[in-house]
Amino acid sequence: MAVSTSTTSPLPLLLLHRGTANTSPASLSFPSSLRATSLRSRAAAAAPPAETLSEDGMPDAPPEGEGTGIPLPSSIGDDGEQLAPKQKIRIKLRSYWVPLIEDSCKKIIDAAKTTNAKTMGPVPLPTKRRVYCVLNSPHVHKDSRFHFEIRTHQRLIDIMYPTAQTIDSLMQLQLPAGVDVEVKL
């Protein structure tokens, strides 16, 4: 495989040869979408429409929503409410023991689903590890140490479109003592 460069342009043009006799850049054909167009024709195509002046000499404003790039509320439609809920309850659970936190998540989701609230989760968040290093001997032998660690497991549950019944059922839940619950509205 031989590579040649064109000497007519300031930028090198790489051509791959496969035994063809005609290797000049002029003999190459490109699809119309890749052909160069003049800068004048590009500028004319990209030019915005000319403004018109109203009777009082002030330029007319474009119709609302046109040309601003901001969609009108009517163009969003009914799907806009589904994309961003008006109210959401975010529950964050923490525990040192995994079966305890999984059981608590199941209770919360069951309580929310009985009131027809949409739930998302439980989403497992990264486990936090806290490592404690303790010297084995009180005076000497610093090389002998104990390492203790505490792992804090976390879960996240979102409840979309909660009702008063949803909040009441969540308040009446009896969760185990080893689970830390943080609720944000």
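We're numbering straight along the sequence, starting at 1.
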Item to check | Val181 vs Ile91, side-chain contact (heavy atoms from CB on, under 4.5 Å): CA-CA, chis, key distance, verdict | outcome: CA-CA 7 Å; Val181 180; Ile91 302 172; 3.9 Å; yes
Identify whether [X] and [Y] are in the same connected component of the hydrophobic contact network (ILVMFWY, side-chain heavy atoms under 4.5 Å).
{"X": "Val123", "Y": "Leu93", "value": "no"}
{"X": "Leu100", "Y": "Ile157", "value": "yes"}
{"X": "Met160", "Y": "Ile89", "value": "no"}
{"X": "Phe148", "Y": "Leu135", "value": "no"}
{"X": "Ile108", "Y": "Trp97", "value": "yes"}

How long is the span from the [atom1] atom in [X] to the [atom2] atom in [Y], to the nearest 0.5 Å?
{"X": "Glu149", "Y": "Arg130", "atom1": "CD", "atom2": "CZ", "answer": "12.0 Å"}
{"X": "Tyr96", "Y": "Ile150", "atom1": "OH", "atom2": "CD1", "answer": "5.5 Å"}
{"X": "Lys88", "Y": "Asp158", "atom1": "NZ", "atom2": "CG", "answer": "4.5 Å"}

If you take all heavy atoms of [X] and [Y], which pair is closest and at what distance?
{"X": "Pro162", "Y": "Gln87", "result": "CD-O, 3.6 Å"}
{"X": "Leu125", "Y": "Lys92", "result": "CD1-CE, 3.7 Å"}
{"X": "Ile109", "Y": "Pro122", "result": "CD1-CD, 3.4 Å"}

Checklist entry - Heavy atoms, side chains only, cut-off 4.5 Å: are Ser104 and Pro176 in contact? => result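 Touching, per the 4.5 Å side-chain cut-off.
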Next on the checklist: Is any side-chain heavy atom of Ile159 closer than 4.5 Å to one of Leu170?
Outcome noted: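 Result yes, sub-4.5 Å side-chain heavy-atom pair found.
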Next on the checklist: Assess the residue pair Thr166 and Asn116 against the criterion (side-chain contact (heavy atoms from CB on, under 4.5 Å)); give the C-alpha distance rounded to whole Å, side-chain angles, the decisive distance to 0.1 Å, and a yes or no.
Outcome noted: CA-CA 8 Å; Thr166 307; Asn116 295 329; over 6 Å; no
Checklist entry - Hey, is the main chain of His153 close enough, under 3.5 Å, to the side chain of Thr127 for a donor-acceptor pair? => result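 Pair absent, no side-chain N/O of Thr127 close to backbone of His153.
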Item to check | Any donor-acceptor pair under 3.5 Å from Thr114 side chain to Ala111 backbone | outcome: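 Yes: the side chain of Thr114 pairs with the backbone of Ala111.
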Item to check | Residues, nucleotides or ligands: over 12 heavy atoms within 6.0 Å of Asn136 CG | outcome: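 More than 12 heavy atoms, drawn from other residues, nucleotides or ligands, come within 6.0 Å of this atom.
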Item to check | Working for side-chain contact (heavy atoms from CB on, under 4.5 Å), residues Met171 and Leu173 | outcome: CA-CA 6 Å; Met171 296 294 284; Leu173 277 180; over 6 Å; no
Checklist entry - Are the charged groups of Glu182 and Arg90 less than 4.0 angstrom apart, N to O? => result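 So Glu182 does not pair with Arg90 through a salt bridge.
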Checklist entry - Are Arg145 and Val134 close enough, and set up right, to give a side-chain contact (heavy atoms from CB on, under 4.5 Å), and what steps lead you there? => result CA-CA 6 Å; Arg145 300 178 186 189; Val134 180; over 6 Å; no
